[in-house]
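As structure tokens, the structure follows; a few thoughts come after it.
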Number of protein chains: 2
Amino acid sequence: MKNKALQEQRIRGYFIEATKEILKSEGLKSVSVRNIAEKAGYSFATLYNYFKDAKDLVFLCVQDFQEECNVYVTTRTAKAARGEKKLRAILLAWLEYFVQYPGIFELFFMEKLSDLNKQPDTAPMITGFLDKLCEGEWKYLIAHKTVSSAVAANKKAALLYGLSGLLLLYINRQTPSGYPAFLKAANTFIDSQLKEITT
Amino acid sequence: MKNKALQEQRIRGYFIEATKEILKSEGLKSVSVRNIAEKAGYSFATLYNYFKDAKDLVFLCVQDFQEECNVYVTTRTAKAARGEKKLRAILLAWLEYFVQYPGIFELFFMEKLSDLNKQPDTAPMITGFLDKLCEGEWKYLIAHKTVSSAVAANKKAALLYGLSGLLLLYINRQTPSGYPAFLKAANTFIDSQLKEITT
DNA sequence: TTTGAAATTTGAACAGTGTTCATTATTTTT
DNA sequence: AAAAATAATGAACACTGTTCAAATTTCAAA
């Protein structure tokens, strides 16, 4: 009887959906066992029948948000010219997504991982996500001899560090202050990292 | 009668010292009103006679930790040759300090600021701190015409973003995994940012 | 359909948080 | 020494997470 498994998966889905809603609207601070359960339509105690704890649940949202971000970025960069132009567009769209949903940035980069975390190793999934989004363009640039793969590796890392840090400071420390200043800083940083690539 | 003010300042100091101890050893997660008060030798309720709340208290530690970090960096970079060499040493020592005290990194970069925060604007104090540490060397490099002040401004920002992001990923997401890999990543990033400066 | 066992859902209970405030204790002034 | 001002405190309340025995529901067998 697979009905059992199906129903169980559905209920898990209700909890995950509730958690995602809270994360996107109120942010991580409002994620509580009782909060999630109420939105899911169950008692808080029921959550423990399906998940180890709320932290477990929260990290199960990462995949869904990455897919959402992937769609966000892909649709917004579809018409950009391949190569450097599109790479820049992807980076900016990635930033935009987290500025729009700071709670998701919190989850991805700030929430402490539980000691023995999920089966799909969450940390590499998160840190590798930007690379995955940019993968195609880097391959394109390397194939067209615009950059060597060694230089590309360095630039990938520099962009990940720099843009994560920029988001961290903007979201948590209001630096730069105001979205226009943030965008300017982002563009300046990306310019400086990609300047040797400009054909 | 200024005895009153002196004694009051002393008691505030006990609370601040207790908070600093907890932050350095157990980290932000262990900072609680009752925890701090016990270490300070007072009841938890007394804390509210001297501070708005524990968050207030926690951000009052920032200045002290910055001074400590300043000493840490200064002593470790005293004998470096002025200019690019010393700049690199400062950046690495700054990273080292936060790797050694991840709880302080948490406080500086991850803890949410209370809505109406301190009189000394905490956010700019934190985001401007690395620049302050490097100020002398950038001035030196600019004076010796190694870089223009415009380029220097860009590089300062890029280093702040990149190194903050690197720390964030290393401390929270084990990426890179292991201190040697972290150091390698840090050096590679710094190299790429300073490469045009090398004389 | 009724019964009974297995599975699921649940709220009570406990130990932790932060915060307020009336009561107690101390210090200072008279 | 008595009175007034000041400071310290614990009880109380509303939240957290978590466990577990009890209540409820499900469902196959009679």
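- Under a cut-off of 6.0 angstrom, the local environment of CD in E38(A) is sparse, with at most 12 non-hydrogen atoms contributed by other residues, nucleotides or ligands.
- In this structure, the CD atom of Q7(A) is 16 Å from the P atom of dT25(D), given to the nearest Å.
- Shown here for Y161(B) and P176(A), the closest heavy-atom pair between the two residues is OH-CG, 4.0 Å.
- Contacts of residues 9-17 of chain B with DNA chain C (heavy atom under 4.0 Å): none.
- Residues forming a side chain to side chain contact (heavy atoms under 4.5 Å, CB included) with Y48(A) (at least two apart in sequence, or on another chain): V33(A), D53(A).
- Two rings, from Y42(B) and F15(B), have their centers less than 6.0 Å apart.
- When ring centroids are compared, Y97(A) and F105(A) stay outside the 6.0 Å threshold.
- For the pair R173(A) and Y170(A), the cation does not sit on the ring face, since its NZ or CZ is not both under 6.0 Å from the ring centre and inside 45° of the axis.
- Annotation: proximity of residues 21-35 of chain A to DNA chain C (heavy atom, distance under 4.0 Å) is found for R34(A), numbered in ascending order.
- Using a 4.0 Å cutoff on non-hydrogen atoms, the parts of residues 41-50 of chain A near DNA chain C are Y42(A), S43(A), F44(A), A45(A), T46(A), N49(A), Y50(A), ordered by number.
- Pairs engaging residues 143-165 of chain B under the salt bridge (Lys or Arg N to Asp or Glu O under 4.0 Å) rule: K155(B)-E196(B) [sequence neighbours left out].
- Ion pairing of E17(A) with R12(A) is absent here, as no side-chain N (NZ or NE/NH1/NH2) approaches a carboxylate O to less than 4.0 Å.
- Of the residues listed (L23(B), L28(B), V31(B)), the one engaging E111(B) in a side-chain contact (heavy atoms from CB on, under 4.5 Å) is L28(B), and it is the only one.
- Summarising the geometry, the separation between CD1 on I36(A) and C1' on dT16(D) is reported as 13 Å, rounded to the nearest angstrom.
- For E38(B) and dT9(D), the CD to P distance is 12 Å, given to the nearest whole Å.
- The aromatic rings of F109(A) and F98(A) stand perpendicular to each other, their planes meeting at an angle above 60°, with 30° marking the opposite boundary.
- Open room surrounds NZ on K79(A); 12 or fewer heavy atoms of other groups in view lie less than 6.0 Å from it.
- The aromatic rings of F65(B) and F108(B) lie tilted to each other, with the angle between the two planes from 30° to 60°.
- For the helix from dT1(C)-dA30(D) to dT30(C)-dA1(D), the end axes, each set by the C1' atoms of five terminal pairs, are bent relative to each other by 30° (nearest 10°).
- Checked by atom type, the side-chain pair Y101(A)/E68(A) shows no donor-acceptor distance below 3.5 Å.
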